[in-house]
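Each remark here refers to the structure printed beneath this line.
Order of the sequence lines fixes the chain letters, A, B, ..., with proteins taken first and strands second; residue numbering starts at 1 for each chain. These numbers come from the heavy atoms of this one structure, side chains and all, not from hydrogens, waters or symmetry mates.
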Amino acid sequence: MSRRLLWALPPVALLALFFLYPLALVVQQSFQPDGGGTSLRPYADVFASEAFRNALWTTVWLALASTAGCLVLGFLLSLVIAFVPFPGAKAVARFIDVYLSFPSFLITLALLFIYGTTGIIGSFQFLTTPWGVLLAEVTYFTPFVMRPLLAAFSQLDTAQLEAAGSLGARAPRIIRRIILPESLPALAAGGSLVLVLCLNEFGIVLFTGAKGVTTLPMLVYSKAILESDYPGACVVAVVNVLISVSLYGLYRVVSRRAGA
Amino acid sequence: MLVHSRGARWAVWAVFLVLFVPLFALPLLVVLGASFATHWSGVLPSGPNTANYRAATRGEALQALTTSLLTATTASLLALTVGTWAALAGAALKKRYRRLMDALFVLPVAVPSVVVGLSVLVAFSKPPMLLNGTRWIVILAHTVLVTAFAHQSVSAAITRLDPAYEQAAASLGARPARVLLRVRLPLLLPSLTAAAGLCFALSMGELSATMMLYPPDWTPLPVLIYAATDRGALFTGSAVAVVLMAATLLVLFAVSRVRTRASYR
Amino acid sequence: MGIRFDSVTVAYDGNVVLDSLDLTVEPGEVMALLGPSGSGKTTALRAVAGFVRPVSGRVLLGGRDVTDLPPYQRGIGMVVQSYALFPHMRVDENVAFGLKTRRAGKTETRQRVAEALELTGMAAYARRHPRELSGGQQQRVAIARALAIRPDVLLLDEPLSALDARLRSGMLAELARLHRELPDMSMLYVTHDQVEALTLADRIAVMDAARLQQCGTPRELYRSPKNEFTASFVGGANVLPVTVGCGGVGFAGTELKVDTGNAVAGARATLCVRPHVIGLGQGPNQLTGVVREIQWRGATHRLYVEVDGHSVMADVRELKDPPALGDPVSLHFAAEDAVLLPAGAGHE
C-alpha cells in the first residue's frame, strides 16, 4: 500500500505546487489589502461596490438562462438526431464533437458580423446587451448537453420504444413517459457542467466588447490587469471559485449517479 | 423510429434545420466567409480577396501560430504525462484515496480559467519561482488547465480496461513494469491519443488565462484574434481565426489517424 | 505438480466468498470445480493464480507454499472466459509473450511458439491478429499461450462458456486430447456446466455457498451424492422428503422398498431418484400421480408428475401415445437406483 501511495506522490506534488499553492495564495491575498496587514477589508470593499453586485447577478442569471436554453435546445436536437435520423445525422453528431474543440470566442466573433455595427442585420446594438451573450453561450454550450444525451439515447433500448409504439403510444407520450425519464441523469449531468462552464466563461463576454455586460471572470480580469487591484481581484476570484466548485461537486455527484 | 408518417418526419427535419443551421453552422461559415472579405454590410460578404490570409500567415500572425503550436504541444505532452501518471497511480489505490485523487485532479475544470491565470500570476511573479514575463508562465497555466482533462479521459479509459489482460500477462510471468509497458499502455494508446488531441485543442483555443499572463514576446493566436477584433480589424481577425481552426483540425485529424491505427492494429 | 488448498478462506469486505477450502489436486489430475455462480469456485482458482489473497489458509503448488508469492512468480498457465488475448499483438506474439518475460532465446521461443500452436491446431494463423479469429480459434490461441510456458498447472476459468453449443463439445474433446498429450500437467477447471465436468474431469469438486460440498469421481458423485445439493446439481435428481420405515421409506402414503442403510426407523430423510431411472406404468416402488407438464426432447419425453403435492420428474423413452395433461399415471423405479440421504443434508 505504501509503495502505491509513493507512486501517486509525484503527480500530486506537481498539482499542489502549480495549482493548489497558487490558489491558496489567491485566498491569502484576498485578505491582504494594499495598505498591508490582514483583514476582511477587501471583502467589505468588494461586496459594497455596485459593480460587483451587478456582476454577480449578471453572471448567475446569464448562467442559469443559458443552461436552461442549452437543455431545451440540446434535448430537442438530440431527440431528432437519435430517433428521427436522417441521412447525415451521424455527420451532424461528429460535427458536434468537432465543434467542442473550437474556442468559445469564435461564436462571438461570428455574431459580431451578424449583429454587429457593420454586420448583416445592421447596427442593431444587440450584441452589447446581455441577450447577445446569452445567445452566444446557448450556441456554444448546447453541444456540451448534446454529447451525454446522445450517448444516453444510444443506450436506450429501442425495444422499449417499439413496445410502447405497438401499445398505441404516440410520439409525445413516448417522449414524456420513456425517453425523458431515461435521459434525466444525462440532462442533469450535462446541465450542471454547462452551468459551471457558463459561470466561468470569459472569452465570449470579452469579445462582445460590451461595457454593460460584466461577469465575475470579467471582473477578475479587469481588476487584476486593467486596475492592478490584486486584493480586489482575488476576492472576486474566491467568490467565483466557491460558486463554481460547489456546483461542480454537485455535477460530479449527479453524473456518478447517472453512471456517466 | 419515433415519427412514422412521412409528412411529420419532414416537418421535424425542417424544424431541426431551422434551429441547427443558424445556430451552429452559420457562425463557422460567417467567420470563414469574412476571412475572405473586406466588407460585410449586406447579406453576403463583399470585396473578396486573400489579403487577410497574407496578413494572417506572416509577421506577427505567423509568429503567433508558432507560439500557439509550441504552447499547445508542450502543454498537452506535459499534461498527458502527468495526467496519465496520476490516473495510473490512482487506479492502483484503495477506493478512498482514489476518490480523493480524482477530486483533486478535476478541480482545475471547475475553477474558472481566469482564476487559474490570476493564481499563477500571483504565485510565480516573485522569486524563487519567477516565471512572469517568460513563455513558461503561459505554458504552465495551459498545462494546469488541460491536465484535468487528460487525467479524466485516461482514468475513464483505465476503468474500462478489462483487468483480465493484465492478469493474463501476470500469469505469464510478466512483472508489473512489463505489464504496464507491453500490455496496459498499448491498450490505452487510443485513449491516450484522444486525450492528447483534446488537450491540444483546448490549449490552442485558450484565451482566459492567457490574457492574464502572456508576455509581449509570447502571443498565442487567440490573443492576436482578440487584439485584431478589439481594434476593429474584424476581417483580419477572422482569417487568423480560420488559421487557428484549421491548425487545430489538422492536428486532431492526424491524432485520430494514429488512433485508428492503434485500435485496429 | 499438484495443487493443495489448506483451509483457504477468502473474504471481501467481511463477506466470506470461500470458506476454509481443503482440496488436493494430484499431479496430472484434471479436477473440475463445479458449482453455480457465487459458489466460490472462481475465487478458489484465482487464489491459486495469485489474484486474490486468502485471509487465512495456504495454497501449495507441488508442496511449496505460494500463498505470499505474486502471480508473476507462480509459473501457472491460465485461460479465462474472455480469453484476454492481447489485441495489439499477433497470435504468435501473444503466444511468445510468456517466453519473452522468461528471457528465452530467440530460437527456443520460435520453436516453442510453433509447438504450442501446432498442439492447438492454430499454426496456420500465427500472423493473424486476435480480432481476425473466431471465438473458438481465439480460445485455442489462449490455450496455446498458456501452454507455451510449459506450466505444471493449467487453470481454466469457464473456458467454454463464451462458445456456442456445437463448438463447445468440439473444444471439450480437444481439451481431453490435450490432457492425454500432456499427462503430467494438472488442470483445475472451473465450470457451472455439469456436462463439461463429467466429461473432462478425473474428479469433481462440487461447490456451493462458498463451501466444498463433495469431491469425488464423476461416478461417485452421480451414484452416491452426499447431500441434496450434489444430487440435484449433478444430474438433476428428484429429491423427495420421506420417512424411514422398516426396510423401506414412506412417501406420499406409499411404502417404497429401498436400502435404508443404518437410518433409524421413523426418522425424516431425503430420497434421491434420477429422472431417467423412473419408468412409466406398473412396477415395484410404484407412485401414482397426475401429469402436469410434458416436454418432448427428441429421444425422450420428460414428464412432470404431481404426486401428493410433490413434483416428480421422469425421463422416459419417446412415447408413441403420450398421456395428456391431467391424466393419472403410475411411475416406478428399481430399489438400487435410489439413494437415501439423511434429512437436512442440504449444505454441509
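With a 4.5 angstrom heavy-atom cutoff, Leu32(B) does not touch chain A via any of its atoms. The contact between Ala224(A) and chain B is made entirely by side chain atoms (from C-beta outward), counting heavy-atom distances below 4.5 Å. For Asp102(B), the parts lying near chain A are the backbone and the side chain together; criterion is any non-hydrogen pair under 4.5 Å. Neither the backbone nor the side chain of Ala156(B) comes within less than 4.5 Å of any heavy atom of chain A. Proximity to chain A involves both the backbone and the side chain of Met212(B), based on heavy atoms less than 4.5 angstrom apart. Using a 4.5 Å cut-off between heavy atoms, Val111(B) contacts chain A through both its backbone and its side chain. Interface residue Tyr221(A): backbone and side-chain heavy atoms are both found under 4.5 Å from chain B. Only the side chain of Leu140(B) has a heavy atom closer than 4.5 Å to any heavy atom of chain A. Residue Leu252(B) touches chain A through its side chain alone, counting heavy-atom pairs closer than 4.5 Å.
Looking at Leu216(A), Thr215(A), Leu56(A) one by one, the single match for side-chain contact (heavy atoms from CB on, under 4.5 Å) with Asn240(A) turns out to be Leu216(A). For the side-chain contact (heavy atoms from CB on, under 4.5 Å) with Ile137(B), the lone residue among Thr210(B), Val120(B), Leu130(B) that qualifies is Val120(B).
Trp13(B) places a side-chain N or O within 3.5 Å of a backbone atom of Val84(A) that can act as its donor or acceptor partner.
Contact check for Phe105(B) versus Thr147(B): side-chain heavy atoms found under the 4.5 Å cut-off. At least one side-chain heavy atom of Pro220(B) sits less than 4.5 Å from a side-chain heavy atom of Val223(B). Proximity of Phe86(A) to Val12(B): side-chain heavy atoms (C-beta onward) are nowhere separated by under 4.5 Å.
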